[in-house]
K.L.:
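Have a look at the structure that comes next, please.
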Amino acid sequence: MKTERQMLLKRLEELKGGGSDYLVKITAVDYIKYVEVVYILRDMEKNDDTLLEVDLDPSDLWVESAVHIYPAADWYEREMAEMFGIAIRGRKAGRLLLEKWDGKGYPLRKSFAWNAPYERID
Amino acid sequence: MLTRINIGPVHPSTHGVLRLVVDLDGDTIVNVEPHVGFLHRGVEKLAENRMYMQIPVYMEKMDYVAPMSVNEAYVATVEEALGVEVKERAKYIRVILLELQRIASHLLWLGTMCNDIGQMFTAFMWTFRDRDMALRLLEEATGQRMFYVNMRLGGLVRDLPPDFAEQAATFLDYMERRLHEYESLLEKNPLFIERTKNVGTLSRSDAKALGVTGPVLRASGILYDIRKNKPYYAYEKLNFQAKMLGRGDNFSRYRVRMLEMYESIRLVREGLERLPEGDALGMPVRLIIPNAKNRIAAVSREMPRGEALMYMVADPQRPYRLAMRTPAFINLAALNFLAKGQRLADLFAILGSLDLVMADVDR
């Protein structure tokens, strides 16, 4: 199910109200022309999974935080921000989750160069 | 005044490399901040640059306590994305091997948890001896003790050896006896009870909100087991129960896993009994699938630690993107919530009850 970025939190709230109150995963896919953020939600009573997708422009990567709706989103959002460079708005800027990366770029973006010379930044 | 202490990253009780920064008020935990990522290898990125059947080798290193379960979850995702049907006999053999793997994994967890909570080294020695018998059985079936890589698309690398059923029956009878012995060793032991009952309690609603999974979720009174709720392979035909308890403390988490081991024994026995004749071998490794571009597969599997979900965007030769939801990751995220208000000494009892594998958290 696709949605717009402006409608994201509203849709998540609707889905949670509708019974999908278990967050399975938040992840993203870099399709080069756009970056898609995927929310996988579950309704445990009906035993039904919902995939909610938001397309983002690579030059304007941000989504609003869903932590106040799904507390489980915390670590997933941090991981996504770190691996894809997607800014998460509306939550306090925390430490990175996985590692201190002192090279350039975001590892799971397709533009991330594998064999680029290792550069340290201060 | 708060005291801040640092635990790890290298510490015998963290089951890998995990750093915990703990804020204490006297002896009471106010806040725990887990620092993860010391084992981050970027498996998701590596997968984007390997052909489909080169990846299982990487997958198995994710959860080295139950490698076959991760491998199977990955292979099942590829099967779903490419529309490959699993052979009937292979369905049963996979269930048998996965359940043996579950027993081996739970035994390792039980031993290390007992070690964590009060130097109960007896339990550790016992479970490791019994786990070795399970591993020997898996070695018999796959040729390897630890990293099996025995799944192929649509089936397995090789069939079970002819005398496997007898060997398994001997092991299962022995294991059932041993489980009763573990229960009598631990459940009347005041040391064990003190560190588990009413420690690290997680209520039903909090468990759902925090997104915990597997035995941790089921110990908090939510009956959700992928094997029952989204049955795969022979699970819908075999007779077993998903186990649930309501208290949500360390003891419930221990108990759920013990009950699961009994159910696994039941599953392996019945699976061997009803094992259909026929061919169980999978497809050859080299594989290029036309028209697979941007096909999406999301597959959930019940691993010993909980639910693993793999989300794959396919390409003809290799995954375009492989995202993994690993159970230990989200269970560790709940640690702060569980440990607040508990004593510092109980932190490792709680950590032990979550059954973490750090390689699974960091990927």
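Letters A, B, ... are given to chains in the order of the sequence lines, protein chains preceding strands, and every chain is numbered from 1.
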K.L.:
To the nearest 0.5 angstrom, please state how far the NE2 atom of B:His40 sits from the CD atom of A:Glu79.
P.N.:
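Rounded to the nearest 0.5 Å, the NE2-CD separation comes out at 7.5 Å.
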K.L.:
Does any backbone or side-chain atom of B:Thr213 lie under 4.5 Å from a heavy atom of chain A? Answer side chain, backbone, both or neither.
P.N.:
both
K.L.:
Just distance, no hydrogens or angles: give the donor-acceptor pairs under 3.5 Å from side chains in residues 9-18 of chain A, sequence neighbours left out.
P.N.:
| from | atom 1 | to | atom 2 | distance (Å) |
| --- | --- | --- | --- | --- |
| A:Arg11 | NH1 | A:Glu14 | OE1 | 2.5 |
| A:Lys16 | NZ | A:Ile69 | O | 2.9 |

K.L.:
Please find the pair of heavy atoms, one from B:Arg325 and one from A:Val24, that lie closest to each other, and give the distance.
P.N.:
NE-O, 2.8 Å
K.L.:
Looking only at heavy atoms, what is the nearest atom pair of B:Ala209 and A:Pro71, with distance?
P.N.:
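Looking at all heavy atoms of both residues, the closest pair is O-CD, 3.7 Å.
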K.L.:
In terms of heavy-atom pairs under 4.5 Å, which option from B:Met324, B:Glu48, B:Arg321 contacts chain A the most?
P.N.:
B:Arg321
K.L.:
Would the number of heavy atoms belonging to other residues, nucleotides or ligands and lying under 6.0 Å from CZ of B:Arg41 be above 12?
P.N.:
yes
K.L.:
Does any non-hydrogen side-chain atom of B:Glu44 lie less than 4.5 Å from one of A:Met83?
P.N.:
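Counting from C-beta outward, A:Met83 and B:Glu44 never come under 4.5 Å.
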K.L.:
What heavy-atom pair brings B:Lys45 and A:Arg109 nearest, and what distance separates the two atoms?
P.N.:
NZ-O, 3.1 Å
K.L.:
Distance-only, no hydrogens or angles: does the B:Lys230 side chain make a donor-acceptor pair with backbone N or O of A:Asp48 under 3.5 Å?
P.N.:
no
K.L.:
Check whether any side-chain heavy atom of A:Met44 sits under 4.5 Å from a side-chain heavy atom of B:Asn229, and report yes or no.
P.N.:
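No; the side chains remain at least 4.5 Å from each other.
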K.L.:
Answer with side chain, backbone, both or neither: which region of A:Asp74 has an atom nearer than 4.5 Å to a non-hydrogen atom of chain B?
P.N.:
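Neither part.
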K.L.:
Just jot down the side chain to side chain contact (heavy atoms under 4.5 Å, CB included) partners of B:Ala73, sequence neighbours excluded, or say none.
P.N.:
B:Arg301, B:Met310
K.L.:
With only heavy atoms counted, which part of B:Ile222 is less than 4.5 Å from chain A, the side chain, the backbone, both or neither?
P.N.:
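Interface part for B:Ile222: side chain.
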K.L.:
With sequence neighbours excluded, tell me which residues meet ring pair (Phe, Tyr, Trp, His ring centres under 6.0 Å) with A:Tyr76.
P.N.:
B:Phe329
K.L.:
Can you say whether B:Leu223 sits under 4.5 Å from chain A via the side chain, the backbone, both, or neither, judging by heavy atoms?
P.N.:
neither
K.L.:
If I measure from the heavy atoms of chain A, does B:Ile226 come under 4.5 Å with its side chain, its backbone, both, or neither?
P.N.:
side chain
K.L.:
Can you tell me if A:Tyr22 uses its side chain to pair, donor with acceptor, with the backbone of B:Val212 under 3.5 Å?
P.N.:
yes
K.L.:
Identify the residues of residues 26-42 of chain A whose heavy atoms come closer than 4.5 Å to a heavy atom of chain B, ordered by number, or report 'none'.
P.N.:
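So the qualifying residues are A:Thr27, A:Ala28, A:Val29, A:Asp30, A:Tyr31, A:Ile32, A:Glu36, A:Val38, A:Ile40, A:Arg42.
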K.L.:
Measure B:Tyr320 against the heavy atoms of chain A and call it side chain, backbone, both or neither at under 4.5 Å.
P.N.:
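The answer is both parts of B:Tyr320.
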